[in-house]
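Reading through the structure tokens given below for one structure.
Atoms considered below: every heavy atom in the structure, side chains included; atoms not considered: hydrogens, waters and symmetry mates. From a predicted model like this one, the values you see are computed outputs, not experimental measurements.
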Amino acid sequence: MGCNVSVLFIVVYFAGCACIPEFETKTYYVGERIILKCPRQYELTEPSTLHWIRFLSGNLPEFLGATYAFDYEGVNKTPHFTTKQDKGTFDLIIDDAKPSDTGFYYCVKTKQLEMEFTTATFLQINDPDSALSVESPDLSGTVDSGDSVDLQCWVQTENAQCFKEHMVLWFRSGLDQSSPGLVYAQRNSSGQCDRGPHKCLYTFSKSMSPSDTGTYRCTVAACGQILFGNKTKCVLERTVIILLSVLLTISLIVLTVLICSIKRKCGHCFFGTTFLYLIKGIIT
């Protein structure tokens with residue numbers, strides 16, 4: 001299967017939007033019946049509609065079905081998909097799951113000219129025959145600015161045919177737990193690969209700067225699947241010191257306020273306030 005990063009990039013781009021919730025990962029096996037639920041609540045003032053759409057690697061967004069927010073008996077049904085209302089939900093049902101169903105599924109609520117992403121699910125369909133595995137050592141720690149960090153991602157499978165075309169994507173999310181963004185992409189030709197069993201090592205080297213701090217993770221698209229490696233958190237030494245300094249300052253402020261509250265006289269706060277300024281001067 002050819003791996004195209006275009007749709008994945010679109011999903012990651014939209015994931016940065018505040019109106020899209022963080023996606024939930026669900027894993028199933030080939031042949032299973034899957035039910036994804038979207039909350040449905042009727043609003044008297046401005047009736048809304050709900051839509052199920054999905055993003056698959058290498059394809060344009062696909063519309064799967066729609067309904068009204070109020071109770072409605074209509075059912076959208078194909079041999080593979082069914083969308084219908086349940087009590088308080090709008091359900092997407094996938095019969096006989098296939099590896100090609102692996103992708104991102106969104107429930108979208110529309111009201112006049114407004115659009116809201118209600119749920120976001122990454123659906124992983126595992127095929128036991130592919131025997132695809134991903135290993136990435138957790139190298140979390142503190143580094144100095146300018147240091148080079150080498151992140152590794154091992155990809156292995158026993159299925160040589162589907163392994164001919166695969167891709168490794170590296171994502172980074174900020175220390176504020178913001179949505180991950182794509183930082184680097186590697187195709188199968190850029191890895192160090194061994195023959196039988198089919199195993200490739202991908203290395204992502206980065207010279208760290210203050211803007212590069214965050215959590216890194218490799219993602220592998222191969223054999224009709226998308227698998228995630230372990231997370232690695234990289235924090236600059238100065239960033240750690242700043243965070244500790246801020247926490248210390250906040251603690252001292254709280255302590256000073258408590259002293260003032262107890263004494264209830266501003267004059268008694270002089271020592272505590274002077275001590276606070278001395279500590280702040282040392283920190284900065």
Side-chain angles (χ1 to χ4, degrees), residues 1-13 15-16 22-27 55-58 99-100 102-104 122-143 147-175 177-209 211-236:
M1 168 183 173
C3 295
N4 190 323
V5 73
S6 57
V7 172
L8 287 175
F9 181 78
I10 291 174
V11 172
V12 174
Y13 174 81
E22 183 176 353
F23 66 82
E24 176 186 9
T25 300
K26 294 185 177 182
T27 302
F55 293 80
L56 301 183
S57 179
S100 57
T102 294
F104 294 86
F122 172 68
L123 201 59
Q124 172 67 60
I125 310 300
N126 288 338
D127 184 358
D129 295 333
S130 69
L132 178 67
S133 64
V134 176
E135 298 179 8
S136 57
D138 184 356
L139 304 176
S140 298
T142 57
V143 296
D147 285 355
S148 180
V149 176
D150 296 326
L151 304 179
Q152 295 181 338
C153 188
W154 287 95
V155 185
Q156 181 174 345
T157 184
E158 297 177 359
N159 191 330
Q161 186 63 31
C162 76
F163 198 59
K164 289 182 179 179
E165 288 290 336
H166 62 273
M167 178 172 287
V168 176
L169 308 173
W170 293 90
F171 295 92
R172 183 185 71 86
S173 56
L175 294 177
Q177 302 299 319
S178 57
S179 298
L182 179 67
V183 294
Y184 194 57
Q186 297 172 289
R187 287 194 174 273
N188 52 323
S189 59
S190 61
Q192 303 175 17
C193 301
D194 301 326
R195 296 181 180 178
H198 302 277
K199 188 174 184 179
C200 296
L201 170 63
Y202 291 86
T203 301
F204 173 49
S205 299
K206 181 71 175 177
S207 179
M208 299 299 294
S209 65
S211 61
D212 295 321
T213 58
T215 301
Y216 290 80
R217 195 176 193 181
C218 73
T219 303
V220 178
C223 306
Q225 301 181 57
I226 301 177
L227 299 181
F228 295 92
N230 294 324
K231 297 179 180 179
T232 295
K233 181 178 290 186
C234 296
V235 182
L236 292 184

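For the pair Leu151/Trp170, a side-chain contact is recorded, criterion being any heavy-atom separation below 4.5 Å from C-beta on. Side-chain contact check for Tyr202 versus Trp154: every heavy-atom pair is 4.5 Å or farther apart. The side-chain heavy atoms of Leu169 and Leu182, taken from C-beta on, include a pair separated by under 4.5 Å. With a 4.5 Å cut-off on side-chain heavy atoms, Ser100 and Leu56 do not count as touching. Side-chain contact between Phe204 and Val149 is absent, with no heavy-atom pair separated by less than 4.5 Å. A heavy-atom distance below 4.5 Å is found between the side chains of Lys206 and Asp212. Within the 4.5 Å cutoff, the side chain of Phe122 has heavy atoms near those of the Phe228 side chain.
Of all heavy-atom pairs spanning Ser136 and Asn230, the tightest one is OG-N, 2.6 Å. Nearest heavy atom pair, residue Cys218 against residue Val134, reads SG-CG1, 4.1 Å.
Using a distance-only test at 3.5 Å, with no hydrogens or angles considered, no donor-acceptor pair links the side chain of Arg217 to the main chain of Ser173.
With rounding to the nearest 0.5 Å, the separation of CD in Gln186 from CE in Met167 is 10.0 Å. With rounding to the nearest 0.5 angstrom, the CG atom of Leu123 is 10.5 Å from the CD atom of Glu24.
There is no side-chain donor-acceptor pair under 3.5 Å between Asp150 and Thr203.
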